[in-house]
Structure formats: structure tokens, C-alpha cells
Protein chains: 2
Amino acid sequence: MSATIKDIAQLAGVSHTTVSRALNGSPLIHPATRERIVQIAEQLHYTPNRSARSLVHGRSNSIGIFFSTLGEGTSSSFFHASVRGVSRVLQDRYNLVVRGIDDYADYREVGPKRFEGALVMSQQDRDDAFLRHLQEQQIPHVVLNRRAGGEEMASIVAGDREGAFALTKHLIGLGHRRIAVLEGVSGFRATRERMSGYEDALRAAGLGRRRDYTAAGRYDLASGYEGMLRLLALPERPTAVFCMNDEMAVGALKAAREAGISVPDDLSLAGFDDNGFSAYVTPPLTTVRRPIEEMSREGARVLLAMLEGRPAPAGTTCLPAELVVRGSTGPCGCRSSAG
Amino acid sequence: MSATIKDIAQLAGVSHTTVSRALNGSPLIHPATRERIVQIAEQLHYTPNRSARSLVHGRSNSIGIFFSTLGEGTSSSFFHASVRGVSRVLQDRYNLVVRGIDDYADYREVGPKRFEGALVMSQQDRDDAFLRHLQEQQIPHVVLNRRAGGEEMASIVAGDREGAFALTKHLIGLGHRRIAVLEGVSGFRATRERMSGYEDALRAAGLGRRRDYTAAGRYDLASGYEGMLRLLALPERPTAVFCMNDEMAVGALKAAREAGISVPDDLSLAGFDDNGFSAYVTPPLTTVRRPIEEMSREGARVLLAMLEGRPAPAGTTCLPAELVVRGSTGPCGCRSSAG
DNA sequence: TCGGTCATTGTTCACGTGTGCATGCCTATG
DNA sequence: CATAGGCATGCACACGTGAACAATGACCGA
């Protein structure tokens, strides 16, 4: 099996204490001794036993990234970008453990001994129970993607509200007055944020919000398709539709095309996220780019700072989202706004 | 901090050994004693210290899922489906640690003490060095997505070759004779498998393979677009194009549309993977459904069997891929096959 | 009643690492 | 020369858990 510090100690003719100190850079060790020990360690391919270290330090050396769910509701591109970003920052200083919050039957498995820190990719308020658990267990954590808790909790969000506001304003600027929204999962915080950005923009333009211009969706392709069918069946059809993510927008696009409605000539359509596909469908989607990978990277950096006792920003950090205008939105071709 | 078995022992008036045995279901313990101990444990919210357990057992309780890379070349839907499948099987019996092979500067960090088992989502032969390392370290592992090693190594693959064969045959059956291929990353094993399926089908139909009908790509949207531009610029344009994944097919679709070429009337186009978007773009993509999540689930099951000493299948297990015919492929409209 | 057996529990050590305290050596200083 | 002090190292224990072995007591058959 693999070598231990005791093996090294024996070969070097010193005690295991000396070896431990030498390898950990203690200033107490004579340079020559250290040199010798390091060489022997190299030679034996010594790798410290994480479990033993964890035991003595009371730290597990692993960090969890928790998603509300690993299944439906978490889009692939979002999941990928998140894990990639965090993984890049943590490198191999910590084990990155991926889990879905809804997979836990009992949060008690999540303890400070098992997770040194946690990144919570939180979509819904339902996750608050999990966050409370983390707090009780005194596990340092950063909430990503959702404004959560008070000033004491660090969270990193991307400008959902601002993005939705800018997008809606863009549509209004194009002359649209009948602007519908294809909603995401209603429990998700991002859904509410985007909704309020949409509403604020309407209000700022003196437009009222119409109940029938909201269609429910689930952030996936199928629900985008179905929701669009419902909107198209309305007696007074909207001239623009804001889909709360790109997946739904692609679904909506299909529904529109099948109904013989041209985008953007007959109807403007916009998405959210800029998930990669949005630039490639036809017409390319106007959308809002959300800096997901940056968000997860920043979250990981903040968590590291917390773990290492460095000063870490509390409260909410908001990374700006950016309106990306492409071909799926155009000037309103409707006969005035008389309605 | 959290309670230990010693705390419980003291409260129960027994030795810590008795507590350990009671909680681990040893038959040596008197039912009444066990009852009492379990109750106290509940009361104290006892959770076993994983590090201590790991140390004494020499097992880390974590399993790694390693991707060739977490960055480019690994599509989001593939990544998501893989992690989800494995996570679902492992539940909370193990920590699932996600890493990119190319992120390691030194494989020595991957040892049997740190990873009890490994799932390798391998794309390229370059990963063989990593696999050899796992073998040397005697870390049980299962290779997913790629046929690797000899009979002694377990690997689970999805029918890349068979799928590509079926797809190409489908195109030939529609009357196509000039069938081009838009290749994925050339180092990837899946690329070679799909290529050979394509070639075999051509050969079986008595068709020769033309050098100029191969365009290089990288499994992403942009390279699909660029590759298609090159194919369209050929003096004798192909009547059908097999794209090695759906991402590239979507990129290719955009290029075709911009060139004023109608799919499938002027040109048939097919993808691979059935990544979810393929059914929703216009026209919906003919593709091959790869059972990625099943593959990862099966891999996890096999690994669990290996770890628990149960009989596990060695060698390669191949899960069938399924041809899905949609609207992007149609009968060849070219003036005979005279060329 | 005594030896033996079984059921139940306790004692002690091990896993690999890190740390407080003791120890020994060398040197400088009075 | 004696002593103090700094440097380098070793000893012993702790972390929480599990297991081999020992020990205790009850019960049974002879």
C-alpha cells in the first residue's frame, strides 16, 4: 500500500513527528534534515492520507455544490457552467461534491464534518430549510443565483430583474404594447425576479399588465411550446413574447412557426440566459446573457475566503446581466397601439 | 460540536464499543441496550464522523467521476445526464466528486485513499495514461463512453458505431448517394466509432468515401456552422450531411438556412445524441438517441458491485442507440445518382 | 456443586497525522 | 567553568471509530 510518514521516518532515521513537520514546512526543522526527508518522500511517492488529516483537523476537505434539483428545472447549460466555474477555482484544494437538495431524505447527512463549506445553487424559496440547516450546522456557505437571507448571508446573483427590465424596455422601444410573458417554474426566485423586472418596465411605460398575457412554463422546451400555443390562441394575440429562458423560447419558436407566424415580422420573441443555442436557432434569439460561470467562480472565491478567515463580502453581490439583441425581435408591425 | 459515540456511551453508561456495535447493527448487543443507545443517539443528533470511519476502514467513501475535460468538447447535456445518472444510483452512500482529467497537474493526487472507485467518462485515448494510473493504484473503475483496455476492464458504451451505421443507411435508403460527414473532435474515440459506422454503411451500399466530404468539427455549435460552410462551398455539393452530434447539426442548419438552402428539400441533415433541442429546432432533427443517463447509471451500478465484492461484468457492455427519424431528412431530390 | 457454554459487555490497540511538552545539544556570556 | 538560552528533535497523546481479545455473569447439564 501507500507509504506513510512513519515509513519515511524509519528510512530517514528520525521520528514521524520530524517528518510531519518537515513536510509541512515547519521552521523548526534543520534544512538538511528537511531536504533528506523530502527526497525520501518523493521516492516513496508519498501522498498524505486525507482521512487522517481530516480527522485530526476536524475538516473534511470537501466542499459541496448543491442544486435545488439535479433533474427537471435545472437546465444542462446552467448545470455545466456552474460546476465548471467552481471546479476551476477550487482546483484540487478541495473535493467538489455535487448533490441535488431534493435527493436528501434527511439533511442530517450534511454536517460540518462532511462538508467544510457549501455552495448552494438555489432556485426556490423551498431551499430555505436547507439553508437554515447549513446555518445551524455552522457550515460556511454562499448562496448563488438567489437573493437569500439577510445581510449576514453571502449571496451572488446575476441581474435577473435588471435583465428582464432591459429586455422588456427593448420590446417597448420597438413599439410593442401587447407584450406577453412565458413564465418559468413559479416557485423559483429567478422567476419572480424576472417577472418583476418585466412588470416594472411595463409600468414605467404606462402599460398595464394583462392577466391573460401570462402563460405558465417549467423552463424546458416542451412547456415553452405548450405555453406559446396558449398565447397564440388568445383573441387579441400579443405582438411580443418574453420567454423566461432560452429553452422555452426555442419551444415557443417552434409553436409559432407551426402556426405559420413569422418571427420577428408577425411576432417578436425573446429569451433569457444566452445558453449557446440561442445564437444558432432561426431567427437568432434576442436574449439576456447571464454570467453563470462568473457567478459560480465568484461564489467559490468568496467561500474560499470565508474558509481561510480572509475578509469576505457579506450580503448580496450582483453581477450585471447584459441585453443581447439578435434577430428574433423587431419593430411592432401592428396597426398602431389602439388595440 | 457534534456528538461522538463516546458522548453517547457516557450517557448510556456503557463503553463506546457497545455504542459502536449497537449503531452498526451487531447481533451481539442486547435489544434493550440497543434501544436505549439508539434513542440517545437520536436525541443528540449523532452523525458518524466520516473521516474517522474512513481512516479506520482505509476507505474514503467517495467516488470520482472524471471527464476528459470539463471545458470544451464536453457538451452540457452530456455532462448533465452523466452526473445525474450516477448521482441517482449512488444516492448518499458515497460522495460523488466531479473532476476534469485535464485539470490534474499530477495524477498522484488520485490515490486509493482518496477515491474508493472511479467512473471515467472517457472521450479520448489520451485518457489511457489516467486509466493506467487507476490500475496501478488499484482503484476499481469503470470506463464509460469508450471501449478501453482488454477484457479485464469494465466499460459501458452506447452504440456509436451501430447508430452511425443505422443513420447513414437511413440516408442511403432515402436515395442519397452524396453523403458528407461533419466530424467531431478527431482525437475522441466516439468520433472514430461514428466514422467507422458511417464508412461501413457507405461500403455496404457500394458507395465510395470521398475525402472532400469530410469536414472537421469540435462538437460545438460554431464548428458545425463553419464546417457546413465549407461543405456548401464544394463544387459538387452533398445531398445529405451527417453531423456527429446535435450541436453541430444546429450550427449546420443555420449555415444552410443562411445560404438559402432548404432542409430537407435541398439537403438532408442529421445529428447524433438527441440532446433535447433536436426535436425543437426547425426542421426537427433526425438523430440517434444515445442512452447517456442509462449508461452512467449502469456504470455506477457495476462500480458498486465491484466495490461490494459482488460479481460484476468485465469487458464491454454496449447499450443500444436508437435511430430517431424526424423532419430534417427526406428523399433525395437530386437528378438521379449519376453525379 | 462444578465445569462449560453462551450471551453480553469492556479493554486495549490500531488507523495516519499533528501538536504540546520535554529533552538533549551547542554556544555564548558572565 | 557554570548556566542560560536557542535550536533541533523525540515522546506521548489526541482525533473518532472499529475490531480482536478478554472478561464477566448467567444458565445448563452432569
Presence of [X] side-chain N/O under 4.0 Å of [N] phosphate oxygens OP1/OP2:
X: A:Asn49; N: C:dC15; answer: no
X: A:Ser20; N: C:dT17; answer: no
X: B:Arg53; N: D:dG18; answer: yes

Nearest whole angstrom, please: distance from the [atom2] of [N] to the [atom1] of [X].
X: A:Ile5; N: D:dT9; atom1: CD1; atom2: C1'; result: 14 Å
X: B:Leu28; N: D:dA22; atom1: CG; atom2: P; result: 16 Å
X: A:Asn24; N: C:dT17; atom1: CG; atom2: P; result: 10 Å
X: B:Lys113; N: C:dC15; atom1: NZ; atom2: C1'; result: 9 Å
X: B:Leu55; N: C:dG18; atom1: CG; atom2: P; result: 12 Å
X: A:Gln10; N: D:dG10; atom1: CD; atom2: C1'; result: 16 Å
X: A:Arg34; N: D:dA8; atom1: CZ; atom2: P; result: 10 Å
X: A:Ile37; N: D:dG10; atom1: CD1; atom2: P; result: 8 Å

For [X] and [Y], take the angle between the two ring planes, folded into 0 to 90°, and tell me which bin it lands in: parallel under 30, tilted 30 to 60, perpendicular over 60.
X: B:Phe67; Y: B:Phe79; result: tilted
X: A:His133; Y: A:Phe130; result: parallel
X: B:Phe115; Y: B:Phe66; result: perpendicular

Of the nucleotides [options], which one has an atom closest to the side chain of [X]?
X: A:Arg21; options: C:dG16, C:dG18, D:dG10; result: D:dG10
X: A:Ser15; options: C:dG10, C:dC15, D:dG10; result: D:dG10
X: B:Val56; options: C:dG20, C:dG16, D:dG16; result: D:dG16
X: A:Ala52; options: C:dT19, D:dT17, C:dG16; result: C:dG16

If you count every heavy atom of other residues, nucleotides or ligands that lies below 6.0 Å from B:Gln135 atom CD, does the total exceed 12?
yes
Using a 4.0 Å heavy-atom cut-off across all strands, classify [X] as base, sugar-phosphate, or nothing.
X: A:His57; result: sugar-phosphate
X: A:Ser54; result: nothing
X: A:Thr18; result: sugar-phosphate
X: A:Thr17; result: base
X: A:Thr33; result: sugar-phosphate

Test for a donor-acceptor pair under 3.5 Å between the base of D:dG18 and the side chain of B:His16, counting only N and O atoms.
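Looking at the base of D:dG18, it does pair with a donor or acceptor on the side chain of B:His16 (distance under 3.5 Å).
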Pairwise distance CG(B:Leu119) to CD1(B:Ile156) - rounded to 0.5 angstrom
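Interatomic distance, B:Leu119 CG to B:Ile156 CD1, rounded to 0.5 Å: 9.0 Å.
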Hey, could you give me the CG/CD1 distance between B:Leu96 and B:Ile65, rounded to the nearest 0.5 Å?
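Nearest 0.5 Å value for the CG-CD1 distance: 6.0 Å.
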